[in-house]
**Student:** 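Pasting a structure below so you can have a look.
As the structure lists them, so they are numbered: ligands from 1, and atoms in each ligand from 1.
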Amino acid sequence: GSEVYDYLKRVADKTISVSFKPQYVDSIPKTYKGKVRDLLAKVSPDHSGIVKEFNLGKILDREIDSISGGELQQAAIAAAMLKDADIYFFDEPSSYLDITQRLKIARKIRTLAEEKGKYVMVIEHDLAIMDFLADNAHLIYGSEGAYGIFAHPQPVRSAINTYLSGYLRDENVRFRDHSIEFDVRAPKHLDKVAKLINFESLRKRFESFDFESSAGVVHKGEVIGIVGPNATGKTTFVKMLAGVIQPDEGKIEKNIKVSYKPQYIKSESDSNVELMLRTALKGRFDSTFFQAEVAHPLQLKHLINKQVNELSGGELQRVAVALCLGQDADVYLLDEPSAYLDSNQRMECAKTIRRVMEKQQTSGMIVDHDVYFMDMVSDSIMVFGGEPGVRGESEGPYDMRKGMNVFLRRMDITFRRDEETRRPRINKAGSRLDREQRGWGEYYYQE
Ligand SMILES: Nc1ncnc2c1ncn2[C@@H]1O[C@H](COP(=O)(O)OP(=O)(O)O)[C@@H](O)[C@H]1O
Ligand SMILES: [Mg+2]
C-alpha cells in the first residue's frame with residue numbers, strides 16, 4: 001500500500017522518529033545486560049508514570065535475564081511507549097501474555113493514538129486482540145519465505161473477515177483455497193459419550209506456589225481447553241498429567257498413554273525434521289493418517305528437509321505439534337500450541353487437533369490464551385485462577401458456554417459474534433451489548 005511506502009520513506013529520510021518494540025523479546029537479555037530499571041532509564045529518566053501504569057514496580061530491580069517471558073514483554077512494551085516518537089511500531093506485543101495482560105497492553109497502545117495523536121502500527125496474530133486494538137488493518141499475503149504483498153488498508157472488522165474468507169474482492173485475488181469457518185457447534189452430548197478417565201484432584205506445592213486442581217472427567221474424543229492467567233499452575237497441572245512431575249497429593253491413572261507438547265520447546269536435535277519425526281514416530285510417520293491429517297494441514301512439506309535446530313519459532317512449533325499428534329496415545333496434552341504461529345497457522349492447527357481427536361476417538365487437553373484458537377479447538381473448558389505466582393486452582397471441565405462465562409466474567413470482558421463470520425468479537429466496555437450481556441450473564445454470546 002502507498003501509505004506504508006510513504007511512511008517507510010519518511011523514516012528513511014529521518015523526518016520522523018520511530019519507537020520500536022521488537023518481535024523476539026527473548027533475545028533482549030542477549031544484547032542487554034542490566035536491570036529493568038536501567039532499561040527504562042536509558043529511554044527516559046522520568047519513567048515513574050509508566051512503571052505505575054504497567055505495574056512494573058516488583059520487577060524494577062530484577063536483572064533483565066531473570067524475568068519471565070511475560071514480564072519481559074511488558075517491560076519492552078513499556079520502554080517502547082516511554083520513548084518520545086512520531087510513530088510507534090509494536091511487533092507481536094501479545095506473545096507470552098495472558099488475556100488480561102493482552103487487553104491491558106492493547107488499551108495502552110490505543111491511548112498512544114487516541115490521546116496523544118501518534119501513528120501506531122502493530123503486527124499481531126491474536127485476531128481477537130487485533131480486532132480490539134486496531135482501527136484499520138493491512139492484510140499481507142504471499143508465499144511462505146518467498147514473497148509478501150501488502151493489500152490496501154481496510155477497517156479492521158472487514159480486514160479480518162476478508163482474511164478469513166481467503167479472497168480479496170477489491171484486487172480479485174484468492175490467497176487461500178478455502179475460507180476459515182467459525183462453526184457454532186452444537187454442544188457435544190458428553191453425558192452419552194464413553195468416559196476415558198476420571199481424574200482426581202491433584203496438589204503440588206513449590207517453595208512459594210501452592211496449586212490444587214479440581215477433579216474431573218475426560219471423555220473419548222473430547223477436547224478440553226485450559227484457560228487462565230499466567231502463573232496460576234496451568235503448566236504445572238499439565239506436567240503432572242504428563243508424568244513429568246509428581247503430584248504431592250492425588251493419583252494419576254497409570255494405564256493411560258499420554259503424549260505431551262511442552263510450553264517451551266527446544267530444538268536440540270541436530271538431524272533434519274524428517275529423520276527426527278521418523279525416528280520418533282516409526283511406522284506411523286508414513287501412515288496415510290499422519291500424512292493427510294497432521295503433516296499436510298500443518299504444512300510440514302516446507303520444513304521436512306530443514307535442520308531441527310535451525311527452525312524459526314513458528315516452524316519449530318508446527319513440528320512439535322506434529323510430533324505430539326503423531327504419537328500413539330489416549331490423551332494429547334498441548335501447552336500453548338499457538339505461540340509463534342500466525343493467525344492462519346493457529347486456525348489450521350486448532351482444526352487439526354480437533355480432527356485428529358475426533359477421528360481417533362482420543363482426547364486432548366489444550367492450554368492457550370488465543371480466544372479464536374480456543375473457540376475452534378475446545379468442546380469444554382477448564383478455568384484456572386487464584387493469585388498468580390502464589391496460589392493456583394482450577395474449575396471444571398465445564399461445557400463451552402459455562403466455562404467461557406466463568407472465565408470471561410473473571411476477565412471482565414464480554415464477546416459477541418460477528419454477524420457475517422460468527423467469529424467472536426470483544427464488546428466495547430459499557431456498550432449496549434456489553435451491558436445487556438452482563439445482565440443476562442452471557443459473557444460469551446452463543447445465540
Ligand atoms: N519447579 C518449580 N519450582 C518452583 N516454582 C515453580 C516450579 N515450576 C513452576 N513454579 C512456579 O509455579 C507457578 C505456576 O507456574 P506455571 O505452572 O508455569 O504457571 P502457568 O503455566 O499457569 O503460567 C509460578 O509462580 C512458577 O514460578
Ligand atoms: Mg504455562
Side-chain angles (χ1 to χ4, degrees), residues 25-26 29 36 55-59 62-75 94-105 126 199 201-214 216 224-250 252 258 260-266 313 316-317 320-321 324 332-341 346 349 364-371 373-374 377-378 381-397 403 406-407 410-411:
V25 292
D26 342 31
V36 174
N55 240 330
L56 300 176
K58 301 185 296 291
I59 58 165
R62 299 259 305 275
E63 294 294 323
I64 292 275
D65 63 6
S66 75
I67 60 180
S68 73
E71 291 167 333
L72 196 55
Q73 184 70 269
Q74 293 177 84
S94 81
S95 310
Y96 299 115
L97 301 183
D98 63 39
I99 286 217
T100 318
Q101 295 164 332
R102 286 177 190 197
L103 280 170
K104 211 166 119 188
I105 59 106
D126 181 328
F199 61 90
S201 161
L202 302 174
R203 179 102 185 251
K204 185 78 193 173
R205 286 191 212 85
F206 294 121
E207 215 172 301
S208 54
F209 186 76
D210 191 351
F211 175 78
E212 187 164 2
S213 68
S214 45
I224 300 174
I226 297 180
V227 293
N230 277 336
T232 55
K234 301 181 300 297
T235 294
T236 301
F237 174 68
V238 169
K239 278 184 178 168
M240 290 194 280
L241 297 181
V244 175
I245 57 174
Q246 298 308 314
D248 298 323
E249 289 167 33
I252 313 287
V258 176
Y260 167 56
K261 185 205 79 70
Q263 178 174 357
Y264 299 103
I265 42 187
K266 283 188 251 84
L316 187 61
Q317 188 70 269
V321 169
C324 177
Y332 294 80
L333 306 167
L334 293 105
D335 199 349
E336 304 209 12
S338 85
Y340 302 114
L341 301 184
R346 287 178 187 200
C349 177
M365 297 179 91
I366 323 289
V367 180
D368 213 276
H369 295 297
D370 183 316
V371 170
F373 190 90
M374 277 310 183
V377 85
S378 314
I381 294 281
M382 269 182 97
V383 185
F384 280 56
E387 198 183 328
V390 180
R391 186 180 53 77
E393 71 219 354
S394 68
E395 290 183 51
V406 168
F407 177 55
R410 284 196 197 157
M411 298 297 111

**Student:** Which of the protein's N, O or S atoms come within less than 2.8 Å of the Mg ion (ligand 2), not counting waters?
**Tutor:**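 Only T235 OG1, Q263 OE1 fall inside 2.8 Å of the Mg ion (ligand 2).
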
**Student:** Show the nearest heavy-atom pair for residues G385 and P229, with the distance to one decimal.
**Tutor:**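 G385 and P229 have their closest heavy atoms at CA-CD, 4.5 Å.
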
**Student:** Nearest protein heavy atom to atom 17 (O) of ligand 1, by residue and atom, and its distance?
**Tutor:**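 Checked against all protein heavy atoms, atom 17 (O) of ligand 1 sits closest to T236 OG1, 2.6 Å.
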
**Student:** Just by distance, do the side chain of S213 and the backbone of S201 share a donor-acceptor pair under 3.5 Å?
**Tutor:**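 No, the answer is negative, given that no donor and acceptor are paired below the 3.5 Å cut-off.
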
**Student:** Assess the side chains of S338 and D368: does a donor N or O sit below 3.5 Å from an acceptor N or O?
**Tutor:**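 Present: a donor and an acceptor within the cut-off.
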
**Student:** Counting only nitrogen or oxygen atoms and a 3.5 angstrom limit, does G233 reach ligand 1?
**Tutor:**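 Min N/O separation from ligand 1 is below 3.5 Å for G233.
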
**Student:** Taking side chain to side chain donor-acceptor pair (under 3.5 Å) as the test, write out the residues that go with S94, two or more places apart.
**Tutor:**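 In terms of side chain to side chain donor-acceptor pair (under 3.5 Å), with neighbours along the sequence ignored, S94 is linked to E124.
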
**Student:** Any chance you could measure K239, atom NZ, to L333, atom CG, to the nearest 0.5 Å?
**Tutor:**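 With rounding to 0.5 Å, NZ (K239) is 12.5 Å from CG (L333).
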
**Student:** Of S208, G386, A231, which has the heavy atom at the shortest distance from atom 24 (C) of ligand 1?
**Tutor:**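 Minimum heavy-atom distance to atom 24 (C) of ligand 1 goes to A231.
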
**Student:** May I ask you to check whether E207 has an N/O atom sitting below 3.5 Å from an N/O atom of ligand 1?
**Tutor:**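 No - when backbone and side-chain N and O of E207 are compared with those of ligand 1, no distance drops under 3.5 Å.
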
**Student:** Out of G389, G69, P388, indicate the one that has the non-hydrogen atom closest to atom 25 (O) of ligand 1.
**Tutor:**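 The residue whose heavy atom sits nearest atom 25 (O) of ligand 1 is G389.
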
**Student:** Check whether any side-chain heavy atom of V406 sits under 4.5 Å from a side-chain heavy atom of I381, and report yes or no.
**Tutor:**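 They are not in side-chain contact.
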
**Student:** Grab the two heavy atoms, one from V258 and one from A242, that are nearest each other, plus how far apart they are.
**Tutor:**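 Between these two residues, the closest heavy atoms are CG1-CA, 4.0 Å.
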
**Student:** I need the atoms of ligand 1 closer than 4.0 Å to a non-hydrogen atom of N230, numbered in the order shown.
**Tutor:**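 Within the 4.0 Å cut-off of N230, ligand 1 contributes 23 (O).
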
**Student:** Taking the inter-plane angle between the rings of Y340 and Y96 on a 0 to 90° scale, is it parallel (under 30°), tilted (30 to 60°) or perpendicular (over 60°)?
**Tutor:**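 Geometry flag for Y96 against Y340: perpendicular rings.
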
**Student:** Taking the side chain as everything from C-beta on, heavy atoms only, tell me whether F206 gets closer than 4.5 Å to I245.
**Tutor:**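 Yes. Closest side-chain heavy atoms under 4.5 Å.
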
